[in-house]
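Notes for the one structure printed next.
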Amino acid sequence: MRCFAVFGDPIAHSISPRLHNLAIKKLGIEGFYGRVHLCECGVDALKNRFNALGLNGANITIPHKQTTAKIADKLDIFASATGAVNTLVRRGGGLLGFNTDAPGFMMAISDFKDIQNALIIGAGGTAKALAAALSMSGVSISVLNRSDKSSEFANCEFLSFDSAISVATSFDLVINTTPAGLINSDLPAPQNIMQKFLGGARYAFDAVYGIKTPFLAMADECGLKYKDGKEMLLNQAAIAFCHFFYDYDFRVENIAELMRPALSYD
Ligand code: NDP
């Protein structure tokens, strides 16, 4: 039997076990996917627990994604670009590290057409993954954050709340990667800035899933086509599943459909 788990702190809220176990069950594969609450940070803590459990692979969430990039023997293109791994696979005597958030996001917005430029609000791990994925597709990126993280986005225009209001550019796509709207009822940036950018955009995307955030409510009022983070969550899991079962010839789209009912369980 192959065993997998999701590592994080906190981890009780993660729906990864039910997404993966549903696909395992429907495909009739011998496998199990659990969860590991790992409070200790650091390379040794993560590697020791992964090895002690004899896992074939794992998904990694906050706050261990950067640490995991250090224990992988080889990184895929998105993990290299972001320095963050959310999928670890034991293969050929080594550990392979993948970032499936980035391609999962690109799949989620595949029906957003002709995106030339995008504004990413927030400057954390998700912002980096999305900036890397969009840049690789030739999209020009600007980043807006409440605090200065310009040194972490060397190839992007970096906007502060003070500078943003006088920027003349409009953006095809505006993305919220902050937890604003999940942890409170705030917009991710002051109202006048949000109105300006959403008013000039065609599409909006929020990495938060399961609720209509104030950001998405404003996008709706502005007449934009918009999505929350549910498809991204589903796609990153389906891509990870295909990495876990690399010796099967699974298609990501098919695995996503097998997992989809698990998104709406109570
Ligand atoms: P990080 O903690 O790495 O980054 C969060 C960013 O948001 C930081 O730049 C922070 O600013 C900013 N921020 C935090 N709170 C606020 C606020 N109240 N108002 C304005 N800005 C704020 O988080 P992640 O990038 O890992 O995750 C961000 C979100 O994306 C989470 O809500 C998470 O659930 C979601 N997510 C969704 C996924 C999916 O599959 N749909 C996958 C991964 C994440 P500062 O730099 O100043 O601290």
Audit row: F244, N59, side-chain contact (heavy atoms from CB on, under 4.5 Å) steps and yes/no:
CA-CA 10 Å; F244 291 153; N59 285 125; 3.7 Å; yes
I need the I193 CD1 to L159 CG distance, nearest 0.5 Å.
9.0 Å
Please assess E231 against R260 for the test side-chain contact (heavy atoms from CB on, under 4.5 Å), listing each intermediate value before the final yes or no.
CA-CA 9 Å; E231 288 292 318; R260 188 178 292 280; 2.8 Å; yes
Interatomic distance, I255 atom CD1 to I239 atom CD1 [nearest 0.5 angstrom]:
11.5 Å
Which heavy-atom pair separates A164 from F197 by the least distance, and what is that distance?
O-CZ, 3.7 Å
Mind checking whether H20 and Y33 have parallel, tilted or perpendicular rings, split at 30° and 60°?
parallel
Would L234 end up clustered with I15 when hydrophobic side chains under 4.5 Å apart are linked, directly or stepwise?
yes
Separation between CD1 of I109 and CE of M106, rounded to the nearest 0.5 Å
4.5 Å
Would you check, one step at a time, whether the test side-chain contact (heavy atoms from CB on, under 4.5 Å) holds for L187 with M218?
CA-CA 9 Å; L187 288 162; M218 187 182 268; 3.8 Å; yes
Output yes when a side-chain donor or acceptor of K230 lies under 3.5 Å from a complementary backbone atom of L263, and no otherwise.
no
Candidate pair F158 and N145, rule side-chain contact (heavy atoms from CB on, under 4.5 Å), full reasoning
CA-CA 8 Å; F158 198 91; N145 196 49; 3.8 Å; yes
Of all heavy-atom pairs between A238 and V252, which one has the smallest distance, and what is that distance?
CB-O, 3.7 Å
Just verifying a value: how many Å separate L46 CG and C41 SG, rounded to the nearest 0.5 Å?
9.0 Å
Which pair of heavy atoms, one from L19 and one from M259, lies closest together, and at what distance?
O-CG, 3.3 Å
Counting N and O atoms only, with roles assigned by atom type, does the side chain of K196 sit under 3.5 Å from a partner on the main chain of V167, one being a donor and the other an acceptor?
yes
Hey, is the main chain of L38 close enough, under 3.5 Å, to the side chain of H64 for a donor-acceptor pair?
yes
Minimum heavy-atom distance A180-N176, with the two atoms named
O-ND2, 3.8 Å
Can you tell if the side chain of L22 reaches within under 4.5 Å of the side chain of L258, non-hydrogen atoms only?
no
Let me know which of T61, N86, T87 forms a side chain to side chain donor-acceptor pair (under 3.5 Å) with D101.
N86
Determine yes or no for a side-chain-to-main-chain donor-acceptor pair under 3.5 angstrom, with T82 supplying the side chain and A84 the backbone.
yes
Got a second to check how far F171's CZ is from S140's OG, nearest 0.5 Å?
7.5 Å
Closest approach of V36 and A5, non-hydrogen atoms and distance?
CG2-CB, 3.9 Å
Relative to each other, are the rings of Y248 and F245 parallel, tilted or perpendicular (30° and 60° limits)?
perpendicular
S110 side chain to M107 backbone, donor-acceptor under 3.5 Å
yes
Show the nearest heavy-atom pair for residues G42 and T67, with the distance to one decimal.
C-CG2, 3.4 Å
Scan residues 157-182 for pairs that pass salt bridge (charged side-chain N to carboxylate O under 4.0 Å, His left out), counting only residues two or more places apart or in two chains.
D172-R202
Under 3.5 Å, side chain of N235 to main-chain N/O of A256, donor-acceptor pair present?
no
Which residue pairs pass the salt bridge (charged side-chain N to carboxylate O under 4.0 Å, His left out) test when at least one of the two sits in residues 146-156, sequence neighbours left out?
K128-E152
D206 side chain to D228 main-chain N or O, any donor-acceptor pair under 3.5 Å?
no
Given P188, which partner from the list T178, L144, V208 fulfils the side-chain contact (heavy atoms from CB on, under 4.5 Å) test?
T178
Quick check: F205 with F105 (ring centres under 6.0 Å apart)?
yes
To the nearest 0.5 angstrom, please state how far the CG atom of L216 sits from the CG atom of L224.
10.0 Å
Against the six-membered ring of F7, is R49 placed for a cation-pi contact (under 6.0 Å from the centre, within 45° of the normal)?
no
Determine whether a donor-acceptor pair (N or O, by modelled atom type, separation under 3.5 Å) exists between the side chain of R35 and the backbone of I11.
yes
